[in-house]
*Asks:* 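Shown below is the structure under consideration.
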Protein chains: 2
Amino acid sequence: MYSVLLSHIQKFISLEPFEIEILESGLGITKIKKKQHVLQEGQICNTMYFITKGCFRQYIINNKGTEQTLQFGVESWWITDYLSFHNQTPSHFYIQAVENSEIIAIEKLFLESLLIQIPKLERYFRIVSQKTFGAAQMRIKFLFTMSAEERYRHFSNLNPEFVQRVPQYMLASYLDFSAEFMSKIRAGKV
Amino acid sequence: MYSVLLSHIQKFISLEPFEIEILESGLGITKIKKKQHVLQEGQICNTMYFITKGCFRQYIINNKGTEQTLQFGVESWWITDYLSFHNQTPSHFYIQAVENSEIIAIEKLFLESLLIQIPKLERYFRIVSQKTFGAAQMRIKFLFTMSAEERYRHFSNLNPEFVQRVPQYMLASYLDFSAEFMSKIRAGKV
DNA sequence: TAAAAAACTTGAACTGCTTCAAGAAATTTA
DNA sequence: TAAATTTCTTGAAGCAGTTCAAGTTTTTTA
């Protein structure tokens, strides 16, 4: 469904019919099965992914061999490793589907040509990435100031439906505490 | 020195003489004394700041009354609260000069007019904010995977000169540990 | 340059959360 | 639907880093 992307773009800029045409003719939807990766550590990230359906996560494997989720993405979110994408350096991250999902994958080269054909898209990506960075700043604030239990309660209040959607151990690592501690928080044994 | 900003912009896009003219005629340098704030918690952030000289930090005051630095900025960095700036909501942060500094302050309204006069700037801000977000992703990775001492050693190796430039207690909070623990790390008493 | 303020140090007591290990429950696969 | 796999739970032991309090050193201000 391109419409998910088109309407997201048109929240921020307005597109002419010919621009919509360019986008629709160049883009394709890819289905990604649960647990499938679109990026692995060590690879150079050449693609930005727009999620039209489902859920993804960006994670790392720490030195104890445990996965730690750094970021989730759901419908209408972009997910990529921006550092690897821009600098063409090997990625530190894995990006994986948490559910059976559908994405629009845009290669770096194709994105550059799109940005030349539709310069307005620069504005779209500028606004989206500034907002995303703003959210990352708040995330760091919460990590710094709240206890594990406060982070869980705060997140659950803001995203009650999302908490049901992903395994607890993934959410625990995203909130920066252990899966076991998550269990104890939920059981009220803290 | 507008040249700091102009040459930063021209790392990413090339400007025509008339565009340089527009920028130079509209921008002004402001001196900010050490410890002076350009943003306080609760204010709506209407300005983006480009640092031409000196050093700033973004911080919060936690519920114990301690300042915690979330972000530093030095020459050629932009600093602002993007969330407050975009949504016109009260800021959660303080932004303060760590040294006597000089900035180019761009108001939201003026920025919008600049972006209309020089649409190429959308591209500049798009690239800068994507890179900044990429750096934030790495920061979260380091916070998640390294011990306090590892974070200190890693940061010191990457930024040996910067470590000399700011008080240790600010750097400690940026790396998410206490000022006392910083002292012990440095003394090798850990 | 003396006084005040800011920044740094140290050790002792404490604690929020992790780690480990093992079993139970839920979900997926064949 | 049985087996395999994944996810969740529980308690006990441990520890990385905090908190507190007091003193010392460095920097700033008047």
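All chains are named by letter (A, B, ...) in the order of the sequence lines, taking the proteins before the strands, and each is independently numbered beginning at 1. Values in this document were obtained by computation on a predicted structure and should not be read as measured data.
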*Asks:* For A/Leu143 and D/dG17, give me the distance from atom CG to atom P, rounded to whole Å.
*Replies:*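 Taking atom P of D/dG17 as the reference, CG of A/Leu143 is at 16 Å.
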*Asks:* Distance from B/Ser84 atom OG to B/His86 atom NE2, nearest 0.5 Å?
*Replies:*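 If we round to the nearest 0.5 Å, B/Ser84:OG and B/His86:NE2 are 10.5 Å apart.
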*Asks:* Identify whether any heavy atom of B/Lys184 sits under 4.0 Å from a base atom; if not, whether one sits that close to sugar-phosphate; answer base, sugar-phosphate or nothing.
*Replies:*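 The residue B/Lys184 makes base contact.
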*Asks:* Does the separation of the ring centres of B/Tyr152 and B/Phe177 fall below 6.0 angstrom?
*Replies:*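 Ring-ring flag for B/Tyr152/B/Phe177: false, centres at least 6.0 Å apart.
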*Asks:* Is the shortest distance from a Lys or Arg side-chain nitrogen in B/Glu112 or A/Arg123 to a carboxylate oxygen in the other one below 4.0 Å?
*Replies:*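 A/Arg123 and B/Glu112: salt-bridged.
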*Asks:* Want to settle it: does B/Glu180 or B/Lys35 sit nearer the 5' end of DNA chain C, counting the closest nucleotide to each?
*Replies:*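 Checking each residue's closest nucleotide, the 5'-ward one belongs to B/Lys35.
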*Asks:* Using atom CG of B/Asp176 as one end and atom C1' of C/dG16 as the other, report the distance to the nearest whole Å.
*Replies:*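 The answer, rounded to whole Å, is 14 Å.
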*Asks:* Starting the side chain at C-beta, find the nucleotide from C/dA6, C/dT18, D/dC8 nearest to A/Phe181.
*Replies:*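 The nucleotide sitting nearest to the side chain is C/dT18.
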*Asks:* Return the nearest nucleotide to the side chain of A/Lys34; candidates are C/dT28, C/dA7, C/dC17.
*Replies:*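 So the side chain of A/Lys34 is nearest to C/dT28.
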*Asks:* In this structure, how many angstroms lie between the C1' atom of C/dA7 and the CD atom of B/Glu67, rounded?
*Replies:*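 Interatomic distance, CD of B/Glu67 to C1' of C/dA7: 12 Å.
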*Asks:* Do any side-chain nitrogens or oxygens of A/Gln168 fall under 4.0 Å of OP1 or OP2 in D/dT9?
*Replies:*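 It does, given that an N or O in the side chain of A/Gln168 lies less than 4.0 Å from OP1 or OP2 of D/dT9.
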*Asks:* On the nucleotide D/dT18, are OP1 or OP2 found under 4.0 Å from the side-chain N or O atoms that B/Lys64 carries?
*Replies:*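 So the side chain of B/Lys64 is outside the cut-off, no N or O lying under 4.0 Å from OP1 or OP2 of D/dT18.
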*Asks:* Just say parallel, tilted or perpendicular for the rings of B/Tyr124 and B/Phe12, cut-offs at 30° and 60°.
*Replies:*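 Answer is tilted, since the angle falls between 30° and 60°.
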*Asks:* Taking CZ from A/Arg151 and P from C/dG16, how many angstroms apart are they, rounded to a whole number?
*Replies:*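 After rounding, the reported distance stands at 13 Å.
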*Asks:* What is the distance, rounded to the nearest whole Å, between atom CG of A/Asn100 and atom C1' of C/dT27?
*Replies:*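 Rounded to the whole Å, the gap is 14 Å.
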*Asks:* Just the rounded figure in Å: distance from C1' of C/dC17 to CD1 of A/Ile185.
*Replies:*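 The distance from CD1 of A/Ile185 to C1' of C/dC17 comes to 9 Å, rounded to the nearest Å.
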*Asks:* What is the distance, rounded to the nearest whole Å, between atom CZ of B/Phe177 and atom C1' of D/dA16?
*Replies:*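 Distance check: B/Phe177 CZ to D/dA16 C1' gives 12 Å.
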*Asks:* Which heavy atom of B/Gly134 sits nearest a heavy atom of A/Leu83, and at what distance?
*Replies:*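 Looks like C-CD1, 3.9 Å.
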*Asks:* So if I take every side-chain heavy atom of A/Ser178 and compare against C/dC17, C/dT19, D/dG17, which nucleotide ends up nearest?
*Replies:*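 In terms of side-chain proximity for A/Ser178, the closest of C/dC17, C/dT19, D/dG17 is C/dT19.
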*Asks:* Without decimals, in angstroms, what is the distance between A/Arg186 CZ and D/dC8 C1'?
*Replies:*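 Taking CZ of A/Arg186 and C1' of D/dC8, I get 9 Å after rounding.
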*Asks:* Of the options D/dT10, C/dC17, C/dA7, whose atoms approach the side-chain atoms of A/Ser147 most closely?
*Replies:*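 When the side chain of A/Ser147 is considered, C/dC17 is the closest of D/dT10, C/dC17, C/dA7.
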